[in-house]
There are 2 protein chains.
Amino acid sequence: MSKYDSGKDEKYAEMFKALSNPHRLKIFLRLACCGPEGMACKKDNICECVGDLSGNLGIAQSTISHHLKELHRAGLISTRRNGQRIECWVDKGILGKLSDFFKTPAPD
Amino acid sequence: MSKYDSGKDEKYAEMFKALSNPHRLKIFLRLACCGPEGMACKKDNICECVGDLSGNLGIAQSTISHHLKELHRAGLISTRRNGQRIECWVDKGILGKLSDFFKTPAPD
DNA sequence: GTCATACTTCGACATATTACGAAGTATAGA
DNA sequence: TCTATACTTCGTAATATGTCGAAGTATGAC
């Protein structure tokens, strides 16, 4: 477990806030399960982009857009335009960082 | 990384919501750093209970009480009365569960 | 029993969040 | 250029959250 460190805690609190909304957590997990970490979201894969997520989760496109922005602001995902579509993927190393955050502490 | 599983996701979303508030995250980390996981919060240790947390974090006691309840509802901590004081500790196994949640996926 | 200490609950308020639809912007293709 | 598709931004409304102080409850000491 990470030692008490108020500097980094704020950043992690932001990440947890991003993941605290069930819809955003679903989006994040779908992207994370897309394939190897960091793999871009592709149409010909299982992965979805804004419109697909909207349809599959039953949420307005504008709301998906908003959630993606939140995930991005928290540093969890990246996005990039490819033609009309927006490709999105889970940032490299993030899963490891989050996993490590909860690792049992070395006794001090 | 946990597979897409809407059943459990809700529970994790609740935990992340509990940890999304900087004050609550601090409380959680302080309790987690208290000693071995699951170790009760003791006065004669570094650990704090409600009144101490209130003083150290500069937050009203009633607010601390509220935050502890949130952490408890999320299943992250347990509390028990010992005389006038409330002892609190991080639930056994929770750190491991949270850490595992973000483990890199086995390719599907 | 009375008083002090520790905590919880209540009521209130300011602020943040989630969500939608409508309107706007960007890109691709005819 | 015109149109269709994909996404974003804006405005707005409902609900949730974080916080405090005041009042309430529980425990321990005298």
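Heavy atoms only: backbone and side chains are in, while hydrogens, waters and symmetry mates are out. So you know, we letter chains A, B, ... as the sequences are listed, proteins then strands, and number each from 1. Since the model is a prediction, treat every value here as computed from it, not as a measurement.
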Dump every N/O contact between nucleotides 2-6 of chain D and the protein below 3.5 Å, one line per pair.
residue: D/dT5; atom: O2; partner: A/Gln84; partner atom: NE2; Å: 2.4
residue: D/dA6; atom: OP1; partner: A/Arg85; partner atom: NH2; Å: 3.4
residue: D/dA6; atom: O3'; partner: A/Gln84; partner atom: O; Å: 3.3

Write down the distance between [atom1] ([X]) and [atom2] ([N]), rounded to a whole number of angstrom.
X       : N      : atom1 : atom2 : result
B/Ile59 : D/dG21 : CD1   : C1'   : 15 Å
B/Asn21 : C/dT17 : CG    : C1'   : 14 Å
B/His23 : D/dT17 : NE2   : P     : 17 Å
A/Glu87 : C/dT27 : CD    : P     : 14 Å
B/Lys17 : D/dT15 : NZ    : P     : 15 Å
B/Arg73 : D/dT17 : CZ    : P     : 8 Å

Closest non-hydrogen atom pair between [X] and [Y], with its separation:
X       : Y       : result
B/Cys49 : B/Ile86 : SG-O, 2.7 Å
B/Met15 : B/Leu98 : SD-CD2, 4.0 Å
A/Lys97 : A/Tyr12 : O-OH, 3.8 Å

Donor-acceptor contacts, no H, no angles, side chain residues 17-25 of chain A, under 3.5 Å, sequence neighbours left out:
residue: A/Ser20; atom: OG; partner: A/Lys17; partner atom: O; Å: 2.7
residue: A/Asn21; atom: OD1; partner: A/His23; partner atom: N; Å: 2.9
residue: A/Asn21; atom: OD1; partner: A/Arg24; partner atom: N; Å: 3.1
residue: A/Arg24; atom: NE; partner: A/Ala18; partner atom: O; Å: 2.7
residue: A/Arg24; atom: NH1; partner: A/His67; partner atom: ND1; Å: 3.2
residue: A/Arg24; atom: NH2; partner: A/Lys17; partner atom: O; Å: 3.2

* Is there a residue in residues 64-72 of chain B whose heavy atoms reach under 4.0 Å of DNA chain D, and which residues are they? -> B/His66, B/His67

Would you check if the side chain of [X] reaches a backbone N or O of [Y] as a donor-acceptor pair within less than 3.5 Å?
X       : Y       : value
B/Lys11 : B/Ala74 : yes
B/Ser78 : B/Asp91 : no
B/Thr79 : B/Glu87 : no

* Do A/Phe16 and A/Phe101 have their ring centres less than 6.0 Å from each other? -> yes

* Before accepting this row, confirm whether a basic side-chain N of the pair A/Arg85/A/Asp52 lies closer than 4.0 Å to the acidic partner's carboxylate O. => yes

* Should A/Thr63 be listed as having a side-chain N or O under 4.0 Å from OP1 or OP2 of C/dC20? -> yes

* Between A/Arg24 and B/Ser62, which has a closest nucleotide on DNA chain C that is more 5'? -> B/Ser62

